[in-house]
Amino acid sequence: MVGTTEPLHRSLCSNGSLYNCNVLEEKLDELRCLVGKTDGDPLRIVSVGAGAWGSVFAALLQDTYGQFREKVQIRIWRRPGKAVDRATAENLFEVINSREDVLRRLIRRCAYLKYVEARLGDRTLLADEILKDGFCLNMIDTPLCPLKVVTNLQEAVWDADIVVNGLPSTETREVFEEICNYWKERITMPIIISLSKGIEAALHPVPHIITPTQMINRATGVPIENILYLGGPNIASEIYNKEYANARICGAEKWRKALAKFLRQPHFIVWDNSDLVTHEVMGGLKNVYAIGAGMVAALTNESATSKSVYFAHCTSEMIFITHLLAEEPEKLAGPLLADTYVTLLKGRNAWYGQMLAKGELSRDMGDSITGKGMIQGVSAVGAFYELLSQSSLSVLHPDGSKPVAPVELCPLLNTLYKILITREKSTQAILQALRDETLNDPRDRIEIAQSHAFYRPSLLGKP
């Protein structure tokens with residue numbers, strides 16, 4: 001049954017001591033009160049999308065608050081019918097048998113036999129089926145707690161108090177437009193927490209960025225005050241395995257402070273911040289350059305020198321871009337670099353760049369990769385390039401000779417666009433861009449950004 005997760009896993013803190021259930025219940029009661037819940041009416045939380053982060057987020061909540069069944073209900077929605085291939089089923093079987101706690105749990109739930117049959121090729125498992133047992137298709141090696149899985153979107157969201165957007169940015173608008181149909185008769189608006197990192201570019205009436213929270217706002221009519229973004233320098237599987245991590249929840253003060261307290265755990269510290277859109281955009285920006293970092297690592301046999309040269313140039317481009325997007329970009333330096341660093345170390349976008357450079361993946365295979373999910377950096381490359389190539393945003397060239405579109409001062413972004421979007425160049429082009437003898441010192445780009453009035457509030461939809 002859902003809610004009967006392993007008691008030790010649920011209630012142990014990172015230091016091994018029993019977590020004070022009274023403190024947890026108090027945090028839950030505070031949020032219930034703020035939302036306006038009465039006795040006997042559970043707080044309904046649903047995660048929409050079952051990628052790695054969306055699944056881990058739901059599992060963390062289930063582990064922490066699932067014991068209070070009369071006060072909170074935690075569910076996750078994913079599309080039905082996606083088959084688990086034979087190779088993944090074999091890997092999953094090995095994972096199950098390597099973990100005694102998982103093996104015992106499945107046997108106790110009479111769920112083990114189907115994994116044996118799938119290993120032998122006598123049965124085809126479905127992604128929603130294994131998620132109920134705590135296995136995310138994009139993160140097979142990290143078993144989660146059992147989850148309440150709903151495959152009917154209307155059933156999942158129609159009465160939800162808190163909706164967690166665990167979808168890729170490329171799917172967010174379409175799914176929330178459908179959700180809007182189920183909320184037409186709602187009296188109260190839900191709270192939405194978006195985990196999505198990605199952007200779209202819009203060119204009319206002026207060039208500007210569209211983020212997932214803005215997509216949700218426009219698709220559903222839910223006030224932007226009820227929509228928040230949660231992100232930080234972390235890897236989903238490591239958070240679930242209780243590696244120390246931190247994140248920021250950004251949005252209106254009414255909800256962000258209460259939710260930060262509700263989500264905070266001994267191993268997962270959640271801060272709050274009012275700057276919603278800028279943090280969201282930065283989460284998408286680092287994915288762009290992570291793909292290039294993976295290419296450089298693969299093409300140079302993990303050369304530390306080459307990777308550091310790339311890092312110097314990519315960070316200077318990110319700093320340059322943040323000066324266009326933020327009035328006080330220096331406040332973003334720490335969070336952006338931290339998020340970039342962890343993505344370069346272990347993120348799926350860097351992995352994707354490596355696989356492309358090694359020839360183990362091709363662009364013809366698309367952006368959704370089995371076992372990894374959506375590679376959001378690809379669409380972000382296209383969006384940032386399209387946006388920053390607009391002549392209306394022109395800045396003065398370093399030599400002072402003429403105004404140029406901002407993208408002309410971002411050679412790595414330019415090259416990634418030609419590799420990933422137009423496909424007119426091979427992955428080797430990223431090394432050629434780094435070794436271009438006419439390339440400016442990355443410090444020059446930073447100095448240009450810091451010494452000129454570059455800020456363009458219209459890029460984030462501000463007047």
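Side-chain atoms of E171 do not come within 3.5 Å of backbone N or O of P168 as any donor-acceptor pair. Without hydrogens or angle criteria, S55 side chain to A50 main chain gives a donor-acceptor distance under 3.5 Å. Counting only distance, with no hydrogens or angles, the side chain of R86 and the backbone of R119 share a donor-acceptor pair below 3.5 Å. D161 places a side-chain N or O within donor-acceptor distance of the main-chain N or O of R44, the cut-off being under 3.5 Å. A side-chain donor-acceptor contact under 3.5 Å links W183 to the backbone of V157. Side-chain atoms of R32 come within 3.5 Å of backbone N or O of K71 as a donor-acceptor pair. One N or O on the side chain of N273 and one on the backbone of D275 form a donor-acceptor pair closer than 3.5 Å. In terms of modelled atom types and a separation under 3.5 Å, the side chain of E317 and the main chain of L413 share a donor-acceptor contact. Panel note: side chain K27, backbone R264; a donor-acceptor pair is recorded below 3.5 Å. Between the side chain of N349 and the backbone N or O of G377, at least one donor-acceptor pair lies under 3.5 Å.
Counting heavy atoms from C-beta on, the side chains of W77 and R79 come closer than 4.5 Å. Between F384 and V281, the closest side-chain pair of non-hydrogen atoms falls below 4.5 Å. Under the 4.5 Å side-chain criterion, counting only non-hydrogen atoms from C-beta, E302 is in contact with Q354. Y417 has its side chain out of reach of V407: every pair of non-hydrogen atoms, C-beta onward, lies at least 4.5 Å apart. Put simply, the side chain of Y289 does not reach to within 4.5 Å of the side chain of F311, judged on heavy atoms. Within the 4.5 Å cutoff, side-chain heavy atoms of P146 are placed close to those of R109. A 4.5 Å side-chain heavy-atom check between K254 and E225 finds every atom pair outside the cut-off. Counting heavy atoms from C-beta outward, M215 and N165 have side chains that stay 4.5 Å or more apart.
Among all heavy-atom pairs drawn from I421 and V378, the shortest one is CD1-O, 3.6 Å. Between L228 and L276 the shortest heavy-atom distance is C-CD1, 4.0 Å. Of all heavy-atom pairs between A160 and R186, the closest is O-NH1, 2.8 Å. Here the closest heavy-atom approach between residue K197 and residue G283 is recorded as CB-O, 3.7 Å. When all heavy atoms of G166 and L195 are compared, the pair lying nearest together is CA-CD1, 4.5 Å. The two atoms that bring D128 and G81 nearest to each other are OD1-N, 3.3 Å, heavy atoms only.
The local environment of CG in D122 is crowded, with over 12 non-hydrogen atoms from other residues, nucleotides or ligands closer than 6.0 Å. Other residues, nucleotides and ligands contribute over 12 non-hydrogen atoms within 6.0 Å of the CD atom of E360. Around atom CD of E70, no more than 12 heavy atoms belonging to other residues, nucleotides or ligands sit under 6.0 Å away. Atom CD of E174 has 12 or fewer neighbouring heavy atoms from other residues, nucleotides or ligands inside a 6.0 Å radius. Within 6.0 Å of the NZ atom in K358, the count of heavy atoms belonging to other residues, nucleotides or ligands exceeds 12. Counting non-hydrogen atoms of other residues, nucleotides and ligands closer than 6.0 Å to OH of Y182 gives a total above 12.
Atom CG of L259 is separated from atom CG of L230 by 9.5 Å, given to the nearest 0.5 angstrom. Atom OG1 of T315 and atom CG of L336 lie 9.0 Å apart (nearest 0.5 Å). In this structure, CD on Q376 lies 10.5 Å from CD1 on I291, to the nearest 0.5 angstrom. Taking CD of E129 as the start and OG1 of T124 as the end, the distance is 9.5 Å to the nearest 0.5 Å. Considering CG of L147 and CZ of R75, their distance stands at 12.5 Å, rounded to 0.5 Å. Atom NE2 of H208 and atom CD1 of I199 lie 11.0 Å apart (nearest 0.5 Å).
Ring geometry, F262 versus Y65: the interplanar angle falls under 30°, so the pair is classed parallel (tilted spans 30 to 60°). In this pair, F268 and W53 present their aromatic rings perpendicular. The plane angle is above 60°, beyond the 30 to 60° band.
When each of K114, R105, R108 is paired with D133, the salt bridge (charged side-chain N to carboxylate O under 4.0 Å, His left out) condition holds for K114 and for no other. Exactly one of N414, V288, L420, T422 qualifies for a side chain to side chain contact (heavy atoms under 4.5 Å, CB included) with Y385. That residue is N414. Evaluated for a side chain to side chain contact (heavy atoms under 4.5 Å, CB included) with F135, the options D141, L144, I96 yield exactly one hit, I96.
Classification of R248 and D339 as a salt-bridged pair fails, no side-chain N sitting under 4.0 Å from a carboxylate O. Looking at K242 and D63, no side-chain N of the basic residue comes within less than 4.0 Å of a carboxylate O on the acidic one, giving no salt bridge.
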Verdict with reasoning, I235 to E243, per side chain to side chain contact (heavy atoms under 4.5 Å, CB included): CA-CA 9 Å; I235 300 296; E243 295 288 338; over 6 Å; no
CA sep, side-chain torsions, deciding dist, call: V102, Y112, side chain to side chain contact (heavy atoms under 4.5 Å, CB included): CA-CA 10 Å; V102 175; Y112 180 64; over 6 Å; no
Criterion side chain to side chain contact (heavy atoms under 4.5 Å, CB included) on I130 and I140, from CA distance to verdict: CA-CA 10 Å; I130 66 173; I140 289 297; 4.1 Å; yes
From CA spacing to verdict: side chain to side chain contact (heavy atoms under 4.5 Å, CB included), E238, V342: CA-CA 11 Å; E238 294 184 353; V342 75; 5.6 Å; no
Test log, rule salt bridge (Lys or Arg N to Asp or Glu O under 4.0 Å), inputs R423 and D364: CA-CA 10 Å; R423 307 188 194 183; D364 293 335; 2.7 Å; yes
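Using modelled atom types, one finds no donor on one side chain facing an acceptor on the other under 3.5 Å when comparing S194 with S196. Between the side chains of T88 and D85, at least one donor N or O sits under 3.5 Å from an acceptor N or O.
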